[in-house]
**Student:** 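Mind looking over this structure? Questions follow.
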Amino acid sequence: MSDAKTAFKEIVTEAVKDFFNQKGIELEAGLLEKLVVQSAPNPEMGDLGAPMFVFAKSLRMGPPQIAAEVAKIAAKDKSLGEILAVGPYVNIKLDKAGAAYPILAAVAKEKDSYGSFNQSGKKPLEGRRVMIEFSSPNTNKPLHLGHVRNDALGESVSRILKAAGADVYKVDLINNRGVHICKSMLAYKLFHEEKGDTPESLGMKGDHFVGQCYVEFDKYLKGEKDKPETAHPEANQMAEDMLIKWEAGDPEVRALWEKMNGWTFNGVKETYQRTGISFDKYYFESETYLKGKDEIMKGLDKGVFFKAEDGSVRIDVTDVVGKGKDGNNQEKVLLRKDGTSVYITQDIGTAISRHADWAFNQLVYVVASEQNYHFKVLFHILKKLGFDWADKLYHLSYGMVNLPSGRMKSREGTVVDADNLVDSLHADALAAIKERGRDEEVGDADEVAEKVALGALHYYILQATPIKDMLFNPAESLSFNGNTGPYLQYMGARINSILGKAAEVGVKTDSSEESVALLTGEDEWALIKQLGDYPAVIEKAAENLDPSGLAAYLYETAKLFSKFYQNCPIVYAASENAQLAGARLFLAECTLQVLKNGMQLVLVPYLEKM
């Protein structure tokens, strides 16, 4: 629809200019740039519409009256179709025969890159350099369901930004130091070191083994249920003491730390590879946790920060987060009274270092909504320090994700490991394929089941608006009907099958303008318009850093194709009208291309057979 939108906007723009001239009113500079063209919600009202609200103040008229007058002027141009006023909108019922060809021709020409160019023929985010941080696992446990939501959001948004023309740099901050890491290390020394246990000797992934150690520490600390004499409350202090040794560079502690971190990190990278997640650079907290202290001291010298009575360095953040419950101003400690740094000090230094590494003009943090306060304060501090890129920092906040059984807790061992979750989905998908008798038809049933599992998991997560808490229902996610990843995969495989059957019986694609002009039926036109909207959907998803709208678009596209195919036969129509059948086959090819493009952006693997 990009060509039609551009042309219609030009017609309406000229009509608005004429109407202002008729009224003897000078157009305010930049006012016409606010004119937008959007898809009409009801086909009976037209295909496209331009709201007139923006001109009401200048003309001192109601938008419906403006729309009526502008539509009269614009209607003289019949090159695109019938122009009419509908309430406060100037709408157009496009000439289907003329509008369909540019849309399908663009899909066929641009192929994998279709969707990357807006109605002006440009990539909307070209020139934007976006660094995006996501995942940020701890090296004391494997990735879990919460990480899966984070990873899916980060990877999908990165792909969408790239599709819209941005230069994207994906980074991962590995949280590989701290007392929680020492707790796993302590459990290893208590229960495994003497036996020489390793992930290999126990037949476990390294991250799962270290995660088991973390759970063992908690059980050691708390003791057996209803047996307080078995608890070891001193364990917390033992872990603190180990951390002190680590910071002092104790060789034995450091050697164990490197070994166990290696186990976890290698295991996490295996999960990344399995789920299609990748990064351009890994940052490690052990290398960044001391950063930022010098910047705080510089800010103190400049008067950005102040020294409190207890000797700590602080900043007043009341303007950002509001007053406290007691009505007093809120202050954030940046350096403790002994001069040591706190967590946000590290983030300040890391952000500055990252900009030096790769000069972004936007930095996106994909982090759960529990950290909203932290990022408000972090961004405020970086602005106060005078970094011009600080205005382009963004916290992509997302809600909690749990299973119907309840909230997960890593230290109690109730967390759902990402690997185990995918394994379970894989097994259920494989069972469904075999139950339907499709295990031989699909080729490698095990490979297909893996792709179905990943499509189910990622789509279920991404179709939800990020900020909302959500329940992940494994059974619902695997459904082959409804708003799911497997449904999109099924529809993609179905279209591929249709194309194959058409080739077998000799039906040939006809992409000529003359033939495409025959696609004027209601179901054909609805599907063509949907395909034309894809570039605008990508642009909106990129600007909002939200894949959920794209997921909804793909589901609607699949439904529209199903309706089209039901009512507009292809193969069986060839004997009566080969030209129409060829044009419909071309529409099917274009639909498959758009589905494949979009599915790749929401991490749903395309399947040729299903």
Side-chain angles (χ1 to χ4, degrees), residues 1 39 41-43 47 96 100 103-104 107-108 114-115 429 432-433 436 438 441-442 448 451-452 455-456 458-460 462-463 476-505 507 509 516 518-534 537 548-574 577 580-602 604-610:
M1 295 287 277
S39 297
N42 187 338
D47 298 302
K96 298 180 178 64
I103 294 171
L104 300 188
V107 178
Y114 179 68
I433 291 169
R436 297 168 67 185
R438 299 289 298 170
E441 294 291 328
V442 300
V448 170
K451 290 181 177 179
V452 170
H458 288 147
Y459 185 85
Y460 199 92
L462 293 172
Q463 54 83 29
E476 284 184 7
S477 76
L478 278 170
S479 173
F480 290 87
N481 297 304
N483 190 14
T484 67
Y487 175 70
L488 294 183
Q489 291 173 314
Y490 164 73
M491 193 56 66
R494 185 182 183 191
I495 298 174
N496 186 63
S497 175
I498 291 167
L499 300 180
K501 288 178 181 177
E504 287 176 8
V505 298
V507 180
T509 300
V516 171
L518 300 175
L519 301 175
T520 57
E522 181 181 336
D523 297 317
E524 294 163 331
W525 179 235
L527 182 56
I528 290 168
K529 284 198 300 178
Q530 180 76 357
L531 301 186
D533 286 339
Y534 182 65
V537 172
S548 63
L550 172 57
Y553 169 87
L554 293 171
Y555 176 50
E556 183 63 24
T557 303
K559 288 196 300 179
L560 286 172
F561 179 84
S562 181
K563 188 178 180 184
F564 153 74
Y565 186 64
Q566 181 179 356
N567 297 326
C568 305
I570 297 175
V571 173
Y572 299 113
N577 191 332
L580 176 60
R584 286 176 175 172
L585 192 61
F586 181 43
L587 176 53
E589 288 178 351
C590 290
T591 303
L592 180 58
Q593 182 68 65
V594 172
L595 282 175
K596 288 169 67 176
N597 290 2
M599 288 165 64
Q600 193 269 339
L601 299 183
V602 293
V604 177
Y606 164 68
L607 292 168
E608 291 187 352
K609 293 182 179 181
M610 193 170 174

**Student:** Just by distance, with hydrogens left out, do E476 and Y460 show a side-chain donor and acceptor under 3.5 Å apart?
**Tutor:** yes
**Student:** Once you round to the nearest 0.5 Å, how far does NZ of K563 lie from CD of E522?
**Tutor:** 5.5 Å
**Student:** Could you check I103, T509, I528, L592 and say which one makes a side-chain contact (heavy atoms from CB on, under 4.5 Å) with L587?
**Tutor:** I528
**Student:** Tell me, do M610 and V452 make a side-chain contact under 4.5 Å, heavy atoms counted?
**Tutor:** yes
**Student:** What heavy-atom pair brings S477 and T484 nearest, and what distance separates the two atoms?
**Tutor:** O-CB, 3.8 Å
**Student:** So which heavy atom on L462 is nearest to which on A551, and how close?
**Tutor:** O-CB, 4.4 Å
**Student:** Can you tell me how far the CE atom of M491 sits from the OG1 atom of T557, to the nearest 0.5 Å?
**Tutor:** 10.5 Å
**Student:** Using only heavy-atom distances, determine whether the side chains of N483 and Y459 contain a donor-acceptor pair under 3.5 Å.
**Tutor:** yes
**Student:** Testing the basics here: between E524 and C568, what is the closest heavy-atom pair and its distance to 0.1 Å?
**Tutor:** CG-SG, 3.8 Å
**Student:** Within the structure provided, determine whether Y534 and N597 are in side-chain contact (heavy-atom separation under 4.5 Å).
**Tutor:** yes
**Student:** Within a strict 4.5 Å, meaning less than it, do heavy atoms of the P605 and Q489 side chains meet?
**Tutor:** yes
**Student:** Please report the closest heavy-atom contact between Q530 and Y553, naming both atoms and the distance.
**Tutor:** O-OH, 2.5 Å
**Student:** Cation-pi check, R436 to F480: give yes when NZ or CZ is under 6.0 Å from the six-membered ring centre and within 45° of the ring axis, no otherwise.
**Tutor:** yes
**Student:** Ignoring hydrogens and angles, state whether a donor on the side chain of D47 or S39 is under 3.5 Å from an acceptor on the partner side chain.
**Tutor:** no
**Student:** Which of parallel (below 30°), tilted (30 to 60°) and perpendicular (above 60°) describes Y565 and F561?
**Tutor:** parallel
**Student:** Taking the basic N atoms (NZ, or NE/NH1/NH2) and the acidic carboxylate oxygens, is any pair closer than 4.0 Å for K559 and E556?
**Tutor:** yes
**Student:** If you take all heavy atoms of L595 and L554, which pair is closest and at what distance?
**Tutor:** CD2-O, 3.9 Å
**Student:** So do the side chains of F586 and L104 get within less than 4.5 Å of each other, counting heavy atoms only?
**Tutor:** yes
**Student:** Does Y490, at its OH atom, have more than 12 non-hydrogen atoms belonging to other residues, nucleotides or ligands within less than 6.0 Å?
**Tutor:** no
**Student:** Side chains of Y606 and E608: closer than 4.5 Å at any heavy-atom pair?
**Tutor:** yes
**Student:** What pair of heavy atoms forms the shortest contact from L560 to A526, and how long is it?
**Tutor:** CD1-O, 3.9 Å
**Student:** Show, in sequence, the C-alpha distance, side-chain angles and deciding distance for R584 and L519, and conclude whether the side-chain contact (heavy atoms from CB on, under 4.5 Å) test is met.
**Tutor:** CA-CA 7 Å; R584 286 176 175 172; L519 301 175; 3.8 Å; yes
